[in-house]
Structure formats: C-alpha cells, structure tokens
Number of protein chains: 4
Amino acid sequence: MIRVAIAGGSGYVGGELLRLLLGHPEVEVVAVTSERRAGQYVASTHPNLRGWTDLRFVPLAELPECDVLFTALPHGYAAEQIEHLSTLAPRLIDCSADFRLDDAAAYREWYGREHPAPEWLGRFAYGLPEANREAIREARYVSGVGCNATAVNLALLPLVRAGLLDPARPIVADVKVGSSEGGDRASESSHHPERSHVVRSFAPTGHRHTAEVRQVLGVDAELSVTSVELVRGALATVHAWLREPLEDRQLWKVYRTTYSAEPFVRIVHEKGGNYRHPEPKILAGTNAADVGWSVDPRTGRVVALCALDNLMKGAAGTAVQCLNLMHGWPEMTGLRLIGLHPV
Amino acid sequence: MIRVAIAGGSGYVGGELLRLLLGHPEVEVVAVTSERRAGQYVASTHPNLRGWTDLRFVPLAELPECDVLFTALPHGYAAEQIEHLSTLAPRLIDCSADFRLDDAAAYREWYGREHPAPEWLGRFAYGLPEANREAIREARYVSGVGCNATAVNLALLPLVRAGLLDPARPIVADVKVGSSEGGDRASESSHHPERSHVVRSFAPTGHRHTAEVRQVLGVDAELSVTSVELVRGALATVHAWLREPLEDRQLWKVYRTTYSAEPFVRIVHEKGGNYRHPEPKILAGTNAADVGWSVDPRTGRVVALCALDNLMKGAAGTAVQCLNLMHGWPEMTGLRLIGLHPV
Amino acid sequence: MIRVAIAGGSGYVGGELLRLLLGHPEVEVVAVTSERRAGQYVASTHPNLRGWTDLRFVPLAELPECDVLFTALPHGYAAEQIEHLSTLAPRLIDCSADFRLDDAAAYREWYGREHPAPEWLGRFAYGLPEANREAIREARYVSGVGCNATAVNLALLPLVRAGLLDPARPIVADVKVGSSEGGDRASESSHHPERSHVVRSFAPTGHRHTAEVRQVLGVDAELSVTSVELVRGALATVHAWLREPLEDRQLWKVYRTTYSAEPFVRIVHEKGGNYRHPEPKILAGTNAADVGWSVDPRTGRVVALCALDNLMKGAAGTAVQCLNLMHGWPEMTGLRLIGLHPV
Amino acid sequence: MIRVAIAGGSGYVGGELLRLLLGHPEVEVVAVTSERRAGQYVASTHPNLRGWTDLRFVPLAELPECDVLFTALPHGYAAEQIEHLSTLAPRLIDCSADFRLDDAAAYREWYGREHPAPEWLGRFAYGLPEANREAIREARYVSGVGCNATAVNLALLPLVRAGLLDPARPIVADVKVGSSEGGDRASESSHHPERSHVVRSFAPTGHRHTAEVRQVLGVDAELSVTSVELVRGALATVHAWLREPLEDRQLWKVYRTTYSAEPFVRIVHEKGGNYRHPEPKILAGTNAADVGWSVDPRTGRVVALCALDNLMKGAAGTAVQCLNLMHGWPEMTGLRLIGLHPV
C-alpha cells in the first residue's frame with residue numbers, strides 16, 4: 001500500500017480520483033484538499049461516496065507528505081505552485097492543463113500567457129499511455145490529458161501511425177461534449193433551463209486542445225466543440241481523407257495493430273445495432289475509449305470516431321492508469337469498471 | 001378561404017401541417033387522411049390539438065377534391081400514387097423525399113431504386129424559398145425539403161453565392177439531430193432507454209441529403225449526421241475553407257446580402273452570451289432558421305452554422321411558406337410563431 | 001391599443017409576458033425594465049424574441065406612465081414599492097407572491113416576515129379566473145398566482161365545489177415540477193450536471209403555496225414538490241378520498257360542470273393512449289391547464305390531476321388572461337397558442 | 001466457484017445479472033439463454049459487456065445443469081415452467097413477479113388470472129433481505145422483488161416496525177420512475193419523441209405492487225406511479241401520518257434501529273445541499289437504497305423517502321444479494337459498486 005493524496009479534491013475530476021482511489025487495492029488515500037470546504041466531509045460534496053469514506057477535506061497547507069500526489073486544481077494553479085507541490089511527494093500526477101504541452105511557446109499561443117514555470121514542462125511526461133507508455137513508466141511527473149484532445153488522438157492514432165491520411169486535405173475534428181466538461185462551478189451558461197437540450201456551438205474554432213493533438217499526433221486537426229444534452233461523455237467525429245482507397249478489412253487491421261494490446265481501447269465497428277459505432281453513454285464511469293470508423297467510398301473520406309467519459313479516460317481514469325504504469329502494476333488495477341446499459 | 005387537405009396526417013409532419021393550417025387565416029382544412037386511424041379524432045393522435053379541431057381521419061380513398069393537397073406520406077408512396085393524387089387538387093405540396101431531386105439518376109443513386117414516376121420530377125419546384133422562390137411562386141407542384149439538407153444549404157448559401165469558398169478543399173457538414181427526424185413509428189432504435197442521451201453516429205457517411213445539397217448549391221458537401229438528446233431540432237456545423245482571409249464585417253455583409261430580406265432567416269453572430277451562435281431549441285415550433293459562422297484566422301476555416309426545427313423549417317413550416325408564395329400571400333401568413341425561452 | 005409596461009422584464013416570467021404582449025392585438029408594449037441590463041436589447045436576454053422586437057431595457061426609474069403595469073419583480077420587491085408603482089398606471093397586475101394572500105397573518109406564517117404593505121392586500125383580486133373571474137373583471141389590482149398552487153387548485157376545484165371529498169381524510173398534493181420554477185438566476189442547485197435527471201425532493205413538506213390552496217379552495221391540502229428533469233411544466237397529482245363511491249360518468253359531469261365554459265381548461269380523461277392523462281410537456285408555451293382524474297374503487301381514493309406550464313397558466317399566461325378580463329376582451333385574446341407534439 | 005446460469009438473459013434485468021455475476025468472485029456464469037438471440041454474442045445485446053465476456057446466448061432447451069439458476073423471464077413464464085426449471089439447479093432465484101406473493105388469491109386479484117403453479121408459492125422466500133433475511137438464508141427458492149414495492153417498503157419499514165403510524169389515516173405512496181422499468185421491448189409508449197420529458201401518470205391507481213407492500217409491511221399503502229425523464233431509478237415519496245408528534249432525533253433513532261447494520265441501506269437526511277434527500281440518479285448501477293424523511297410539524301404528516309436503481313436494488317442487485325445470503329458469503333460480495341457523481 002502506498003500513500004496518495006489529492007490536491008484539489010472538491011471538483012469533478014477530484015471526485016472521480018477519489019472514487020477510483022478508494023477502490024484501488026494498492027493505495028491508501030491519506031488526504032484530500034479543498035480550501036473552501038476544509039473541515040467538511042468529502043461525501044457531502046461527492047454524495048456518491050457516502051458510506052465509502054469518512055475523509056474530510058483539509059486545506060492545501062495541511063497536506064502531509066505522501067508517495068504520490070495527484071493535483072486536480074484549477075488550470076494555472078499547479079504551475080504556479082509546482083516548486084512547493086513537488087516537495088510533498090516524489091511522484092506527482094497533474095490533471096490540469098498546466099503541464100501537457102512540452103513547449104512554452106505553444107502554451108503562450110493557446111493559453112494566452114507565459115507559463116509560470118517553463119523549466120518544468122520538459123520534466124513531465126504527457127499522460128496518455130496509448131501514445132506515451134514508456135515515458136510514463138519511467139516518469140516522476142506525469143501530466144493530465146485534455147478530454148477532447150484524447151478523443152481526437154485515440155480516434156486518429158492508428159491512421160496517422162500507418163501514414164494513411166492525405167496530407168493535402170485537412171482534418172476536421174467535430175467533438176460533442178457533455179456539461180461536466182465545464183467543471184463544478186455554476187454559471188449563467190450552466191443554469192439548467194439554459195443548458196438543457198442545447199446543441200451549443202461552444203467553440204466552433206480556436207479550441208485549446210488543438211495544441212495537444214498536434215503534439216501527440218504531429219498533424220494539425222481543426223477542432224470544433226459542440227455542447228449537447230449529456231452530463232458525462234464526449235464523442236469525437238473526426239473527418240479526414242485517405243491517401244488511397246482502403247477496404248474495411250484493411251482498416252480493421254490498422255486499428256487492431258495499434259489497439260489490440262491496449263487494455264482500455266475497444267474497437268467498435270459493427271454492421272448493425274444501436275451501438276454499432278462508439279457511444280459515450282455506455283462508457284460513463286469507466287476508463288474505456290471506444291474507437292471506430294466509417295469510410296465513404298465515393299470520396300475517400302474516413303470518419304474516425306472515439307467515445308469516452310471525459311472525467312475518466314479523459315481525466316481521472318487515465319491518471320490512475322498512469323499511476324499503475326509508474327508502479328509496475330497491471331494497468332487495469334482499480335479500473336475494472338464495467339459500464340451500464342441501459343442508461 | 002381556400003380548401004386544403006392533408007394526405008398522410010398521422011405522422012409528425014402531418015401533425016405539424018395540421019397545427020399550422022388550423023391557425024392559418026386563409027385556409028380551411030377539409031380532410032386529413034390516415035389508413036390506420038380512419039374514423040378516429042385527429043386529436044387523439046396529436047394531443048396538442050385537443051380543443052382546436054374536431055376533425056377525424058378519413059382513408060385516402062375518401063379524400064375530397066380541394067384547392068391544395070399536402071402530402072405527408074411515407075417516402076415512396078406519393079411517387080407511386082402521383083397520377084391519382086394529382087387529380088385531387090390543382091396544386092400539390094409534397095413533404096416526402098419523392099420529388100426533391102430533379103434527376104432520376106441521382107434518385108437511383110441515393111435512394112437505391114428507380115423512381116416510380118420520373119416524368120414528374122421536372123414538374124416539381126424544389127420547395128426551399130430561400131433558394132428557389134420564383135419557381136415556387138409559379139409552380140403547381142412543390143416538393144418538400146430534407147431537414148438536414150436545408151440546414152446545410154442555408155448555412156452555406158451566402159458563402160457559395162459569393163464565391164468565397166476554396167474549391168480545392170472539402171466541405172464537411174456535421175449535423176446534429178433530434179429524435180423526431182426518425183418519424184412516429186417506434187423501433188428498437190427509438191426505444192427510450194436506448195435512445196436517451198445518445199451521441200449516436202447515425203449516418204457518419206452516405207447520408208441521402210448529400211444529393212439535395214449538391215442540387216441546391218452546386219457544390220459537394222460531405223455529410224455526417226449524429227443523433228443527440230433532443231426531440232426537435234437540428235444544427236448543421238459546416239466546415240469549409242475560404243479562398244482568402246476575410247474580416248468579420250465582410251462576412252456580415254455577405255450573410256446580410258443573402259438574408260436581410262428573408263422573413264424566416266435570422267443572422268445570429270454575437271460576441272457573447274449563451275445564444276451567441278444559432279441554437280435549435282429556441283426555434284422549436286417556429287419556421288425560423290438561424291444562421292451564423294465562426295472563422296479561424298489561423299487556418300482560414302469557416303464554420304457555417306444553421307439551426308432549425310426539423311419538423312418546421314425542415315418540413316411543414318417551409319411547406320406552408322410555399323403555400324403562401326403560391327397564392328401571393330405574405331410569406332409569414334400563419335407562421336408568425338415565436339419560439340420559447342427557457343425551454 | 002392600450003399602453004402596457006413591464007417592471008422586471010429580465011426574468012423568465014417577464015420574458016413570457018413580453019412574448020405574449022408583443023403578439024397581443026390590443027396592446028402596445030411601451031417599456032420593459034431591468035436594472036442590471038438597462039440599455040441592452042431585450043432580445044439579448046430573451047433570444048427567442050430576436051426579430052420580434054427592438055425594445056431595450058430601461059431602469060425602473062425611467063418607466064413611463066401607461067395604462068397597465070405588469071410587475072414581475074423578485075418576491076418582496078413589489079410590496080415594498082407598491083405606493084410608487086401604483087402611481088405609474090391605473091391598473092396593475094403583479095406576478096410575484098406579494099399580493100396573493102389576502103391575510104397578513106397568513107403571509108407572516110408562510111413568508112416568515114411582516115408584509116410591507118398589508119393595507120394593500122385587500123385591494124388586490126386573486127388572479128385566477130377559474131376561481132375569481134368576477135372580482136378580476138372589476139379589479140384595478142390583480143395578483144399573480146402560484147404555479148404549483150394553481151395546478152392543485154384546478155385539479156381539485158370541481159371536487160371541492162361539489163362537496164364530494166371526505167373531510168375526515170387528508171388531501172395530499174404531490175407536485176412534480178421543472179427547473180424554470182427556480183427562476184433565471186444560476187445557483188449550485190441549478191448547475192446542469194447537478195440538476196439533470198434529478199427526482200429531487202425539493203419541498204417534501206412546508207411549501208408556501210399551501211396557503212394559496214387554502215385561500216382558494218377553503219380546504220387544507222398537504223403539498224410536496226419534487227423537481228424532475230423538465231424545464232417547463234408542472235403536474236399536480238392530488239390524492240383525496242370521496243365521501244361515497246362515484247361512477248366515472250358522475251365525475252365527468254362534475255368536471256364538466258366546472259370547466260365546460262372555461263376557455264383554457266381541458267378535461268383529459270381517456271381510456272388509452274400515451275396522453276390519456278394530463279401531460280405538461282404538450283402544454284409548454286400555452287395557457288392551457290389540462291385536468292383529469294383516476295378513481296380507485298377498492299379504496300375510494302380519487303387522484304385528481306392537473307398539468308400546466310408554470311410560466312404560462314402558472315404565471316404570465318394567467319396574468320394576460322386577467323388583462324383581457326379587466327378590459328372586457330375575449331379571454332383568449334393574444335393567447336390562442338397551440339402546444340407542440342412531439343416535443 | 002459455483003456454476004450459475006441465467007434463463008432469460010436478453011432483457012434489462014438479465015443484462016444487469018450478467019454484469020454483476022461476471023464480476024462476482026465466487027461464481028462462474030456457465031450459460032445465458034435467449035430464444036430470439038440464440039447463437040449471438042451477449043455483448044451484442046448488452047454493449048456495455050464488450051470485452052468482458054465472450055458468452056453467446058443459448059436457447060432455454062440447451063441450458064446445462066448448474067448450482068444456481070437465475071430466471072429473468074417475462075412475467076408468467078417462470079411460473080408455467082417451474083417444474084422443469086427446478087430440475088436444472090438445486091437453487092433458483094427468480095426475478096419475475098411470479099413467486100413474490102405467497103397467496104394465490106392475492107395473485108388472482110392483482111394479476112387477473114389463476115397462478116399456474118400455486119403449490120410453489122409457499123416454497124419461495126420473498127427476496128428482500130431487509131425484510132426477510134433469515135428465510136432467504138435457508139431458502140432453496142427465492143423470489144424477486146418489485147422495484148416500486150421495494151422503494152415503498154424500505155421507506156416505510158422503520159416507521160411500521162416501530163408502530164409510529166396513525167392507522168386511521170391512509171398511506172399514499174407516490175412513486176416516480178424511469179423508462180427502464182418498462183423493459184427492453186420498444187412500444188408506442190416508449191418511443192423517444194413521446195416518452196421524453198414526460199410527467200406521465202402511468203398508474204395513478206391500481207398498481208400491482210400494492211400487494212407486495214401489504215405482504216411485506218402488513219399495511220395498506222395506496223400507490224401511484226408517475227413516469228419521469230430518467231432511464232434508471234425510482235423515488236418513492238410516501239405520505240403517512242404519525243400517531244403523535246416526534247422530534248427529528250427520534251426519527252433518526254428509528255431509522256438507525258432498522259438500518260444501521262444493513263450493508264446497502266443508507267440514511268440520507270441532511271440539513272442542506274442538493275442531495276440532502278435520497279436521489280436516485282447517484283445510485284444508478286449500485287445496490288444502494290437511500291432512505292430519508294421529512295416531517296410537517298403543522299399536520300403530523302411524515303414524508304418517507306426511498307431512492308434506488310430499479311434494475312439493481314429493485315431487481316438484479318437484490319437477487320445477487322440473496323445469492324450471497326444463500327451461500328453464506330458476505331452480502332456485499334460482487335456488489336461493492338460506487339455510484340457516479342456528477343451524472
């Protein structure tokens with residue numbers, strides 16, 4: 001049993017980390033922080049945890065030393081505190097956007113400010129096992145992943161690796177997302193009568209995760225993010241063009257080559273049924289990413305699809321998967337979670 | 001007062017036609033048909049009409065002569081019956097897909113069978129006023145429009161007319177739709193526990209409305225249709241590329257040129273707020289189409305947006321707008337419907 | 001044409017008043033107030049009104065004199081300002097809870113404070129036409145109605161008037177409501193990820209509308225209010241016991257006696273179909289109240305049902321109905337709104 | 001490891017049994033039947049199980065012998081086949097309504113037909129551990145529980161056991177339920193555009209589970225069931241009256257007396273927060289039943305609340321809990337499932 005703590009445990013990613021770590025057989029959660037809720041039971045904030053833990057929030061200043069520190073603080077905060085946070089544990093897994101990009105110029109471009117600790121960018125391994133497993137295994141510091149970026153990256157990874165895409169034509173990633181992506185703070189845009197049943201063009205252009213896709217895949221994808229009626233879940237519909245026509249069995253082979261050994265990626269490409277393509281709702285609460293595709297033989301367009309739970313494979317679940325990798329445990333440890341149907 | 005009838009009045013488009021025509025000051029609804037429900041009150045099928053009409057369904061065989069016949073029969077049926085249907089009224093407005101394409105070869109390609117009455121294809125005016133107003137004014141026979149095609153067509157029309165798009169790069173139309181697009185017949189895929197909260201890649205490639213976009217705009221757009229949690233409404237997110245950089249005010253001008261005189265198209269392009277881009281939910285029950293755009297100055301991509309109610313501007317509402325045009329009435333007659341907020 | 005104004009026009013009831021009054025043939029809306037949004041277009045707050053009005057909000061201090069003033073201010077505010085507000089127009093229709101109760105003691109008991117202007121309580125007619133039509137016709141000042149109280153009152157009115165209920169047994173009114181009842185201000189409880197899909201016991205006991213039911217019906221009903229996944233709409237399921245067994249046709253007669261001449265109350269009591277009982281969703285945006293019942297012959301329990309749109313029949317719609325009554329116009333003037341199906 | 005099989009595995013309860021039993025450390029699932037889908041992979045029907053099992057459905061005729069047989073067949077079927085089914089395994093747990101009532105006359109009254117195997121009624125233990133644990137431990141045959149009955153029974157059990165309710169006043173159980181209660185077969189009433197956003201009075205009177213409440217509690221409760229927008233979950237709002245006033249701490253004591261040792265019942269009765277009362281959505285996929293109450297000191301009414309997942313604590317979860325009891329395993333074996341938040 002190792003000792004883990006969570007800095008920033010009152011938000012949705014913090015809550016998911018807690019849910020996962022409380023059920024993880026190799027770890028003990030020794031502390032969870034929240035400034036606003038210090039002294040309160042964590043289960044009063046995360047009502048699903050009632051009966052599963054008696055922990056109370058402590059302020060960050062009272063965080064004890066531990067073996068692994070997870071940080072799920074608001075964007076920007078971990079970067080500003082990294083010198084201090086890194087003294088609290090020999091290993092740190094950050095779930096914010098602060099250490100995802102390895103390039104300070106890209107950070108400046110997409111986040112609109114100077115990175116507060118640029119010398120740390122190179123010390124973090126990008127925390128997507130499917131793209132960066134070996135580095136994570138050896139890392140002391142692992143970054144989080146962007147949920148939308150991850151859906152796009154996992155949809156495209158096999159096609160990009162196999163060099164199948166036509167570089168002369170653009171890649172368009174049209175991502176549909178649920179409301180939990182906006183975090184736990186109420187706002188005018190999250191007010192239920194306004195947010196219900198929207199098909200809201202949240203970020204038709206200029207989404208920050210564009211930079212993460214470029215870094216992971218080495219290609220430019222143009223992102224659009226649309227909010228739909230859903231709490232958890234994201235679907236990336238990625239439109240790209242093949243260099244040359246391919247038959248379905250060839251695409252099967254390409255996807256299998258990349259993913260057959262991956263514990264959390266399932267290929268979903270069936271001829272019929274309601275769930276013949278990846279569907280986020282049946283992945284809620286799990287660390288699965290379901291990927292699939294459709295090819296238009298008239299035009300050579302391939303539509304690559306990836307569904308995931310933005311709080312899990314898009315955040316906390318992948319973070320725990322990284323924890324497992326860093327310690328040499330089986331990757332599914334604490335993550336053997338089956339989704340629900342119907343739901 | 002003219003006499004109108006609806007052939008095929010038990011489905012969702014038929015119900016919308018009824019709702020609109022019952023409130024239309026220039027028409028009297030003399031008959032509504034349904035084979036399955038002949039003899040029943042139409043309000044038992046369309047419970048929103050309780051108290052507004054005492055009409056009962058009659059079988060098609062009992063349809064009286066009238067001034068205008070609306071047909072909202074299942075796809076294929078009107079084409080097979082057109083010789084007979086055309087004897088019932090001097091003017092006919094069809095809401096099915098049967099007479100939208102003017103080319104029998106395109107029909108064969110997209111609908112997978114020979115058109116049963118190809119000689120009639122040329123007699124129908126395509127029923128989208130924003131693209132074909134003059135022909136509709138003069139027409140005896142007017143076709144319906146595809147809901148998804150209409151969203152794509154209205155989003156792109158200003159850009160295509162102005163010749164702003166780069167022909168070397170593809171157009172991708174990623175359309176999000178509600179469950180009413182599937183019609184009123186229950187099926188395994190419409191079962192509530194299965195259909196709820198989906199982000200379902202209904203037609204990632206190969207959607208039939210591709211042909212309608214080509215016919216109206218003269219360009220090829222690649223369609224993908226994704227079902228989301230919504231009953232009424234569709235949003236087209238159309239990704240295209242500009243030939244050369246344009247400033248926002250130039251795009252305003254282009255959209256205004258096309259739409260400033262249109263009674264049902266509103267330009268929605270605001271700097272802030274929850275509804276800064278077109279949003280289908282606030283259009284439910286109205287004949288409005290809201291259009292907007294976003295440009296990515298990094299890449300020249302323009303994201304053209306159009307929201308509408310698939311049963312209204314995408315079907316019955318546009319059909320009534322055509323009725324008005326054919327009779328020289330103001331286009332908003334019977335269609336002065338304000339949407340709801342919140343909803 | 002009379003001149004009307006709305007004090008407090010940025011909230012949901014204010015928005016509905018605007019939607020209705022902009023389409024009302026006998027009135028002109030001369031001003032709408034909002035302190036926070038003074039100077040802004042009302043359509044930027046109420047996006048459904050885009051294209052239908054160019055009005056901008058003014059501060060309350062700039063409200064011009066008019067023929068009828070509607071007030072849709074936060075609870076408590078109209079009562080505090082009533083001396084001033086009453087100088088602005090000869091007639092005033094208030095949509096808040098401030099003047100519903102005619103008894104200052106009841107106000108104190110249920111609202112937990114002294115009424116700021118108790119001498120005004122007797123000057124207001126309670127604004128529910130089905131229960132108080134003649135007084136409204138003659139009134140200069142008309143109060144709003146509580147949405148949940150109205151659903152309970154309309155469900156029970158026929159049974160109470162006919163003296164059919166067993167006074168020895170309690171009346172339980174279990175009301176299910178949508179999120180728009182909470183108003184337009186975002187809060188932790190209205191945050192979409194929290195509010196979605198709830199069956200939340202919002203007020204299992206102690207709901208304030210209890211007092212309005214007592215005042216209107218002269219009986220005590222015990223209210224429970226549960227929030228469900230819905231934006232607009234409320235259903236009252238009112239459990240009561242009959243003094244003696246009644247056949248269905250006797251109950252039909254009782255309900256018809258009360259409601260057959262009512263323009264907005266429909267009796268919904270069918271033997272089959274999805275909509276055999278009152279259903280709020282198909283009433284959204286309309287002023288209809290649908291009422292029905294079910295009797296358990298084993299026990300004598302009658303379940304009286306009423307569905308309505310809380311912002312319409314439960315607030316703004318009834319207020320406009322009162323406007324019509326006060327001016328001797330047909331009650332449906334400006335309120336001939338048909339609901340949607342499917343929705 | 002014992003060998004278990006599921007007869008009737010293609011429905012929603014069958015799917016939940018599979019999900020639970022595949023993760024249960026003491027059992028091996030040796031067969032799952034479906035007549036319609038024999039030969040197909042179970043994961044094509046239950047897409048959440050992709051990657052977790054390679055089982056295929058077999059017809060009932062090919063069911064092998066096993067240690068425990070779960071039956072999740074349509075109501076009526078198990079009763080007709082019980083002689084045969086009972087030869088397949090020494091222990092049988094039925095999830096249908098067939099063996100819940102111990103009285104053939106009650107079955108006739110509520111199910112409208114003679115029980116096909118009345119001599120078997122007495123051989124089944126009613127499968128609700130909180131009310132019948134000792135009998136289940138010793139039983140060879142265990143019945144399922146009604147989901148709505150269970151919510152009502154668990155809400156009221158402490159109050160009834162402690163003799164606190166006034167017998168002169170009725171008990172009204174107003175239950176709100178999701179669409180999965182209707183099972184996996186599509187119908188006109190489950191069609192998404194119709195079923196969405198309803199507050200549908202599904203069974204205002206005469207619900208069959210009334211008999212189960214009487215059998216378990218020995219009191220008569222009058223049930224009403226209302227369908228709301230939700231897939232999984234039920235909330236019972238049970239209105240009853242106390243014999244004499246009680247303080248909150250006395251009710252705490254009563255609920256604790258009944259439930260403090262129960263592994264799956266949590267008392268939820270907080271002073272504030274969104275989740276201060278039981279809420280079904282955060283229980284989805286778990287075997288928890290959350291119970292709480294509210295007392296109206298003005299009238300003595302107590303509102304007893306119970307939330308649960310109808311497919312879990314209301315069906316498959318409780319069945320697996322019974323399996324554990326029958327084998328002397330800890331009751332939480334295979335059921336340590338934490339709910340999600342947000343969701």
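Since the model is a prediction, treat every value here as computed from it, not as a measurement. Proteins come first, then strands; the chains are lettered A, B, ... in the order of their sequence lines, and each starts at number 1.
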| field | Contact class of B/Val228 relative to chain A, heavy atoms under 4.5 angstrom | value | side chain
| request: Under 4.5 Å heavy-atom distance to chain B, tell me which part of A/Val172 shows up: side chain, backbone, both or neither. | output: side chain
| query | Heavy-atom distance under 4.5 Å to chain A: side chain of B/Val231, backbone, both or neither? | reply | neither
| When heavy-atom pairs shorter than 4.5 Å are enumerated against chain B, which of A/Trp241, A/Phe202, A/Tyr275 gives the highest number? | A/Trp241
| task | Check whether B/Val302 gets within reach of chain A through its side chain, its backbone, both or neither, counting any heavy atom under 4.5 Å. | result | neither
| Any side-chain heavy atom of A/Asn274 sitting closer than 4.5 Å to one from B/Arg200? | yes
| Considering all heavy atoms, the nearest A/His277-B/Pro204 contact | NE2-CG, 3.6 Å
| Based on non-hydrogen pairs under 4.5 Å, which of A/Glu229, A/Glu222, A/His239, A/Arg169 is most in contact with chain B? | A/Glu222
| Where does B/Trp293 contact chain A at under 4.5 Å (heavy atoms): side chain, backbone, both or neither? | neither
| query | Side chain, backbone, both or neither: which part of B/Val198 has an atom under 4.5 Å from a heavy atom of chain A? | reply | both
| query | Given a strict heavy-atom distance threshold of 4.5 Å, which part of A/His197 is in contact with chain B: side chain, backbone, both, or neither? | reply | both
| A/Ser201 backbone acceptor or donor facing B/Arg276 side chain under 3.5 Å | no
| request: Please check if atom OH in B/Tyr111 has more than 12 non-hydrogen atoms from other residues, nucleotides or ligands closer than 6.0 Å. | output: yes
| said: Please find the pair of heavy atoms, one from A/Ser224 and one from B/Arg301, that lie closest to each other, and give the distance. | reply: OG-NH1, 3.0 Å
| query | Counting heavy-atom pairs under 4.5 Å to chain A, which of B/Pro170, B/Gly292, B/Gly206, B/Pro297 comes out on top? | reply | B/Pro170
| remark: What one should report as the nearest heavy-atom pair of A/Glu194 and B/Pro342 is OE2-CB, 4.4 Å
| field | Top of A/Gly178, A/Ser196, A/Ala168 for chain B proximity - count of heavy-atom pairs under 4.5 angstrom | value | A/Ser196
| query | Hey, which of B/Ser294, B/Gly273, B/Ala307 has the most heavy atom pairs under 4.5 Å with chain A? | reply | B/Ser294
| task | Against chain B, work out which of A/Asp296, A/Leu230, A/Thr226 has the most heavy-atom pairs shorter than 4.5 Å and name it. | result | A/Asp296
| message | Taking every non-hydrogen pair under 4.5 Å, which of A/Thr237, A/Asp220, A/Leu235, A/Val343 racks up the most with chain B? | response | A/Leu235
| query | Are A/Lys176 and B/Asp174 close enough that some pair of their side-chain heavy atoms sits under 4.5 Å apart? | reply | yes
| message | Between B/Pro278 and chain A, with a heavy-atom cut-off of 4.5 Å, which part of the residue counts as in contact: side chain, backbone, both or neither? | response | backbone
| So does B/Glu188 have more than 12 non-hydrogen atoms from other groups sitting under 6.0 Å from CD? | no
| What heavy-atom pair brings A/Thr205 and B/Val295 nearest, and what distance separates the two atoms? | OG1-O, 3.7 Å
| said: Given heavy-atom pairs under 4.5 angstrom as the criterion, report whether the side chain, backbone, both or neither of B/Arg195 touches chain A. | reply: backbone
| Which bit of B/His341 comes within less than 4.5 Å of chain A, counting heavy atoms only: side chain, backbone, both or neither? | side chain
